[in-house]
Protein chains: 2
Amino acid sequence: MTDTAQRPTLEAVAARAGVSRATVSRVVNGGDGVREPLVERVRKAVEELGYVPNQAARSLVTRRHDAIAVVVAEPETRVFADPFFALQLRGISKELTAHDNQLVLLLTEGRDDHARVGRYLAGGHVDGALVFSLHLDDPLPGLIQHAGVPTVFGGRPDWSGDRRGVVYVDSDNRGGARDAVRHLVGLGRSRIAHITGALDQTSAVDRLDGYRDVMVDADPRLIVEGDFTPAGGERAMRELLVRCPDLDAVFAANDLTAAGALRVLRESGRRVPEDVAVVGFDDMLPVAEQTEPSLTTVRQDIEEMGRLMARLLLRGLDRHAVEQGVGAAPSSVVLPTTLVRRASA
Amino acid sequence: MTDTAQRPTLEAVAARAGVSRATVSRVVNGGDGVREPLVERVRKAVEELGYVPNQAARSLVTRRHDAIAVVVAEPETRVFADPFFALQLRGISKELTAHDNQLVLLLTEGRDDHARVGRYLAGGHVDGALVFSLHLDDPLPGLIQHAGVPTVFGGRPDWSGDRRGVVYVDSDNRGGARDAVRHLVGLGRSRIAHITGALDQTSAVDRLDGYRDVMVDADPRLIVEGDFTPAGGERAMRELLVRCPDLDAVFAANDLTAAGALRVLRESGRRVPEDVAVVGFDDMLPVAEQTEPSLTTVRQDIEEMGRLMARLLLRGLDRHAVEQGVGAAPSSVVLPTTLVRRASA
DNA sequence: CGGTGATCCGAGAGCGCTCTCACCTCCGGC
DNA sequence: GCCGGAGGTGAGAGCGCTCTCGGATCACCG
């Protein structure tokens with residue numbers, strides 16, 4: 001824990017190279033319009049002094065920070081129990097570093113944190129924000145709109161406010177759900193149940209809609225609300241077995257739910273997939289591959305989602321910088337999903 | 001994606017309140033030494049104009065950023081397959097926001113990224129760094145020492161360089177491993193095998209040492225190298241069954257490894273825990289609770305580790321600011337582990 | 001050989017803030 | 001009633017950088 005010695009400034013480099021500050025600045029920022037011998041001299045001086053630009057001073061005048069906030073609004077600990085979030089973060093990180101941007105992470109716990117985040121974003125510390133807010137009635141999107149920070153959402157936000165300019169990246173939850181259920185139908189199943197996710201999240205709602213698209217007039221008793229957790233899956237599965245003992249398939253809203261359901265099915269003596277076929281969602285590897293039997297599920301490319309979010313945001317910022325309204329504003333993207341067949345269906 | 005209007009400056013607030021910039025600055029930074037009526041006037045002006053201090057300008061003069069870098073150096077994707085990292089991050093985040101610090105996340109992929117991180121840290125963009133570098137021969141600790149940024153490590157770094165002032169927070173891997181193996185001994189097991197983690201990480205080495213502490217002259221064939229993954233666990237378990245068919249217990253270096261081992265044991269017809277007792281490490285919930293049977297394992301308080309890292313760093317920075325050498329430098333902390341008994345042993 | 005661009009470089013003005021220092025109160029003590 | 005001091009406030013310098021703009025330099029053409 002030692003301090004760095006006084007760091008060299010532009011001035012110092014300029015002195016050493018025998019040029020003006022302006023010239024050093026030009027070289028440091030790309031070197032356009034400076035003749036080769038001078039460029040060389042400056043580079044050498046920079047090297048020798050170990051000069052690193054002071055970002056604060058630079059931001060002060062350019063009003064850019066080359067930093068993006070990633071806001072993860074998850075009151076539940078759920079995000080932390082699965083690699084979903086980490087993978088997305090990784091995609092984001094890759095894309096941001098490729099464009100020399102820093103990643104400022106804001107995790108919020110509970111409602112009171114929202115104000116803090118809003119203040120931070122409004123404070124102009126970052127050039128833009130990537131926000132994960134998958135809950136209905138989340139105040140965050142509103143706060144952000146108010147803060148006036150360019151933003152891309154992860155997952156379709158539920159939002160009653162002004163929808164103009166709202167950009168998001170999402171998986172095709174509805175389509176994926178349809179594929180899952182159609183697969184079960186294709187296996188000859190007809191009493192197909194659905195354990196939903198937490199219905200305060202758009203992804204859960206969309207997956208339910210996808211299920212309904214295929215099971216047009218499904219027995220309503222075949223639908224039970226879960227909460228994306230294994231425990232919820234167990235509870236829901238138990239209820240289903242009571243309600244509809246004749247069911248022959250289950251589409252669970254995610255893999256953790258499916259894992260819980262599988263356990264209850266096993267306890268009840270049903271064979272999977274012979275008696276009851278099971279399909280999950282997410283393809284959360286450590287879970288989907290570990291279940292008994294291994295889980296047929298719907299895969300989404302999570303890392304790509306993250307990367308895409310970052311790309312969209314940065315592109316938007318560029319456009320922003322060049323001139324407002326040049327070219328089309330970036331628009332939302334919905335990524336396709338694929339069914340991964342394993343043993344459970 | 002709209003721009004904020006021109007943001008108000010200190011100057012503007014000062015004008016509105018009819019005071020000088022200096023006074024506004026004083027009020028904004030705590031208001032000491034300013035008389036009440038003035039404080040009130042300034043507060044009102046701040047409110048009305050929606051003034052938010054420009055962090056860049058402030059940093060430029062104070063040389064503080066109120067930002068901490070979190071460096072996650074993990075060439076493998078392993079970190080992302082478990083909630084370990086996310087939990088730690090959460091602990092860190094809580095502690096940092098409690099002290100009004102931002103969290104800048106730096107994820108590195110592969111060796112080339114190290115230079116980038118080193119440059120960033122040396123660039124004085126952050127006040128300190130929290131670094132996860134659990135690999136032997138990692139160049140990162142050296143780079144960081146060189147960058148001269150106050151740093152706390154997550155997990156004991158393996159480091160041949162100057163150890164002075166190296167602060168880390170770690171779990172008691174060795175002690176936890178001892179507890180696990182002792183537990184197995186207590187169950188009357190004597191042919192206790194160990195599937196190690198990736199031995200290029202200090203945690204794996206420490207856990208192996210703990211195993212050896214108890215199994216003083218263990219049959220060397222009972223130790224097989226794994227890599228912290230389920231696949232590695234399967235492979236190692238298969239080998240163990242060939243080498244030592246008489247084994248009656250397995251201590252796996254982590255829960256994922258244990259999950260793989262469990263599967264192979266089941267395939268081979270061994271009953272767990274009757275024939276072979278199994279203990280894992282980490283208490284990675286979605287894994288440990290989902291296995292068949294549920295896993296007895298060693299729990300570490302991961303979130304607390306994160307929080308502690310942040311606290312140690314911030315404390316160090318304070319001391320730094322006040323005056324070098326006042327009070328004891330923060331020193332490393334090793335957190336205790338606890339054995340969680342479930343069904344597998 | 002003078003004129004005319006084009007090109008390259010430097011001087012200097014800020015960006016918005018903090019912080020030192022001088023000044024200006026206003027109080028109490030002699 | 002005057003003076004010393006404490007406490008409150010403002011003026012102004014400066015943090016390290018970018019960027020505009022004017023001046024110097026050079027090539028090239030008529």
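Reminder, nothing fancy here: chain letters follow the sequence lines and each chain counts from 1.
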Side chain of A:Ala57 (C-beta onward), nearest among D:dG10, C:dC17, D:dC17 | D:dC17

Side-chain-base donor-acceptor pair under 3.5 Å for B:Arg63 and D:dG16 = no

hbond_proxy A:Arg26 side chain to D:dT18 base (donor-acceptor, 3.5 Å cutoff) | no

In whole angstrom, give the distance that lies between atom CD of B:Glu36 and atom P of D:dG7.
-> 17 Å

Phosphate-side-chain proximity, B:Asn54 and C:dC15, N/O vs OP1/OP2 below 4.0 Å = no

Does B:Arg7 make a side-chain donor-acceptor contact with the base of C:dG16, cut-off 3.5 Å?
-> no

Any salt bridge between B:Glu40 and B:Lys44, counting N to O under 4.0 Å?
-> no

Which nucleotide sits closest to the side chain of A:Arg35: C:dC9, C:dT18, D:dT9?
-> C:dC9

Looking at the side chain of B:Thr23, which of D:dG10, C:dC19, D:dG16 is the nearest nucleotide?
-> D:dG10

Separation of B:His125 atom NE2 from D:dC17 atom P, in whole Å?
-> 11 Å

Atom-to-atom span, CG of B:Leu38 to P of D:dG8 - whole angstrom | 11 Å

Separation of D:dT9 atom C1' from B:Asp32 atom CG, nearest Å, is 15 Å

Please determine if a side-chain N or O atom of A:Ser20 lies less than 4.0 Å away from the OP1 or OP2 oxygen of C:dC9.
-> no

Closer than 4.0 Å, any side-chain N/O of B:Thr9 to the OP1 or OP2 of C:dG16?
-> no

B:Thr23 side-chain N/O to B:Arg21 backbone N/O, donor-acceptor pair under 3.5 Å = no

Give the nucleotide from the list D:dT18, C:dG10, C:dC17 with an atom nearest to the side chain of A:Ala22.
-> C:dG10

Output the single nucleotide from D:dT9, D:dC17, C:dG16 whose closest atom is nearest the side chain of B:Leu60.
-> C:dG16

For the pair made of CD in A:Gln55 and P in C:dG16, what is the distance, rounded to whole Å?
-> 17 Å

Contact summary for A:Gln55 and A:Arg64, nearest pair of heavy atoms | NE2-O, 4.3 Å

Whole-Å distance, A:Glu11 CD to C:dA13 P, equals 15 Å

Shortest side-chain distance from B:Leu10, nucleotide among D:dG16, D:dT18, C:dC17 = C:dC17

Indicate yes or no for a side-chain donor-acceptor contact from B:Asp127 to the backbone of B:Asp66 under 3.5 Å, with no hydrogens or angles considered.
-> yes

Looking at the side chain of B:Arg21, which of D:dG16, D:dG12, D:dT9 is the nearest nucleotide?
-> D:dG12

Residues A:Glu47 and A:Arg43 bridged, charged N to O under 4.0 Å | no

